[in-house]
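Scroll down for the structure; my scribbles are underneath it.
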There are 2 protein chains.
Amino acid sequence: MPLLPLQEIQLLHNYVCQSVNDPKRIQILYALYDEPRHVTALAELLDMPQPTVSRHLALLRQRLLVTAERSGPAVVYRLSDPRIVDVLEQMRSILREVLERQAEVLDEQSE
Amino acid sequence: MPLLPLQEIQLLHNYVCQSVNDPKRIQILYALYDEPRHVTALAELLDMPQPTVSRHLALLRQRLLVTAERSGPAVVYRLSDPRIVDVLEQMRSILREVLERQAEVLDEQSE
DNA sequence: TGGACGTATGCGGATGTGCGAATAAGCGAA
DNA sequence: TTCGCTTATTCGCACATCCGCATACGTCCA
């Protein structure tokens, strides 16, 4: 795999990496993976103030990771591409492994 | 997939998401995927000041995504788990798709 | 031990990000 | 149009992050 051109790295960072760089946004992505929801439902489920949820959703929508659709007075949000949660799961898997490896090293040192 | 406990989301964010939330760190991860390198080699390859590279590496090492090994006066860094670059590639794939979808929508609107 | 090479760190400033509180704006029903 | 519900936005502040510069630290070898 060749090194990526800087421009492409910028895109990757601006759109995707920044989007997942907030715990609340990660929560929102998981919640939308479960099923599409409207703003108030998300706010109640995740115990966040409505303006906070709305702001995070606006950011995710701007980054094209979620789409919004009006349903009466409410606005239902859904993931543009559910694979974004697969990515988060892969990150978790990597994290689990490196933490375990770290634990082993500490064990060996204490022997 | 159940919603994740907040604590696990925090871990995910602190270790992995934050790590990839900087264009220069993404460049470094790709460069180390290519092959393990020492600080100065990275600095020259990526055209960054040495202290900048060193600081980013320190962060990545603290997050357990890279490991450091002394080799004479130099310190060789390598990826703890190459799958981190697979994750970045998956992000790129998702980004490419949503951007294409966006382009289609704009085309339809202009017809 | 002194010097050269390679790496890490401290500091100050600039920039970016998230939040609370209040409020504006959009939609639907009567 | 007016009210009620839902969502979006504005403002000000607190906090984190990144960088350049200078410098300290580590290691090796003469």
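Proteins get letters first, then strands, A, B, ... in listed order; numbering begins at 1 in each.
- Between A/Leu57 atom CG and C/dC19 atom C1' there is a gap of 16 Å when expressed in whole angstrom units.
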List the steps and the verdict of side chain to side chain contact (heavy atoms under 4.5 Å, CB included) for B/Val75 and B/Arg70. CA-CA 4 Å; B/Val75 177; B/Arg70 254 202 189 282; 3.8 Å; yes
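- Residue B/Tyr77 has no polar side-chain atom (N or O) positioned under 4.0 Å from OP1 or OP2 of C/dG6.
- Look at CG on A/Asp22: it is 12 Å from P on D/dT17, rounded to the nearest Å.
- Looking at the side chain of B/Leu59, the nearest of the listed nucleotides C/dA8, D/dC18, D/dT7 is D/dC18.
- Among C/dC27, D/dT7, C/dG6, the nucleotide with an atom closest to any side-chain atom of A/Thr40 is D/dT7.
- With the nearest nucleotide of DNA chain D identified for both B/Arg55 and B/Gln50, B/Arg55 has the one nearer the 5' end.
- Among the atoms of the strands shown, base atoms are found under 4.0 Å from some heavy atom of A/Pro51.
- Residue order along DNA chain C, read from the 5' end via each residue's closest nucleotide, puts B/Thr52 first among B/Thr52 and A/Arg70.
- Rounded to whole Å, the distance from CG on B/Leu60 to P on D/dT17 is 14 Å.
- Side chain of B/Arg25 to backbone of B/Ser19: a donor-acceptor contact under 3.5 angstrom is found.
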Walk me through it: do B/Leu99 and A/Tyr15 pass the test side chain to side chain contact (heavy atoms under 4.5 Å, CB included)? CA-CA 10 Å; B/Leu99 283 175; A/Tyr15 279 82; 4.2 Å; yes
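- Cluster annotation: A/Met48 and A/Leu65 are assigned to the same hydrophobic cluster (Ile/Leu/Val/Met/Phe/Trp/Tyr, side-chain heavy-atom contacts under 4.5 Å, transitive).
- One finds a side-chain N or O of A/Gln18 lying less than 4.0 angstrom from the OP1 or OP2 phosphate oxygen of C/dT17.
- Checked for salt-bridge contact, B/Arg83 and B/Asp81 meet the test: a charged N lies under 4.0 Å from a carboxylate O.
- Bending across the helix from C/dT1-D/dA30 to C/dA30-D/dT1, expressed as the angle between its end axes from five pairs apiece, amounts to 20° (10° rounding).
- Nucleotide C/dG16 holds its P atom 12 Å from the NE2 atom of A/His13, rounded to whole Å.
- Taken residue by residue, residues 27-38 of chain A places no heavy atom nearer than 4.0 Å to DNA chain C.
- In this structure, the CD atom of A/Gln62 is 14 Å from the P atom of C/dG16, given to the nearest Å.
- Between D/dT17 and B/His56, no contact under 4.0 Å exists linking OP1 or OP2 to a side-chain N or O.
- Ion pair B/Glu104/B/Arg101 not flagged as a salt bridge, since none of the NZ, NE, NH1 or NH2 atoms sits closer than 4.0 Å to an Asp/Glu carboxylate oxygen.
- Counting heavy-atom neighbours within 6.0 Å of B/Tyr30 OH, excluding the residue itself, gives a total above 12.
- Annotation: side chain of A/Gln18 is in contact with side chain of B/Asn21 (closest heavy-atom distance under 4.5 Å).
- Separating the NZ atom of B/Lys24 from the P atom of C/dG16 is a distance of 14 Å, rounded to the nearest angstrom.
- One interatomic measurement links the two molecules: CG of B/Asn21 to C1' of C/dG16, which rounds to 11 Å at whole-angstrom precision.
- Distance A/Gln10 CD to C/dG16 P: 13 Å, rounded to the nearest Å.
- Of the candidates D/dT6, C/dG6, C/dG18, C/dG6 carries the atom nearest the B/Pro73 side chain, counting heavy atoms from C-beta on.
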Go through it in stages, so that I can follow the logic: the residues are B/Gln27 and A/Leu6, the test is side chain to side chain contact (heavy atoms under 4.5 Å, CB included), and I'd like the CA-CA distance, side-chain angles, deciding distance and then a yes or no. CA-CA 8 Å; B/Gln27 287 186 275; A/Leu6 190 54; 3.5 Å; yes
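- Looking at residues two or more places apart in sequence or on another chain, you find a side chain to side chain contact (heavy atoms under 4.5 Å, CB included) between A/Glu44 and A/Thr40.
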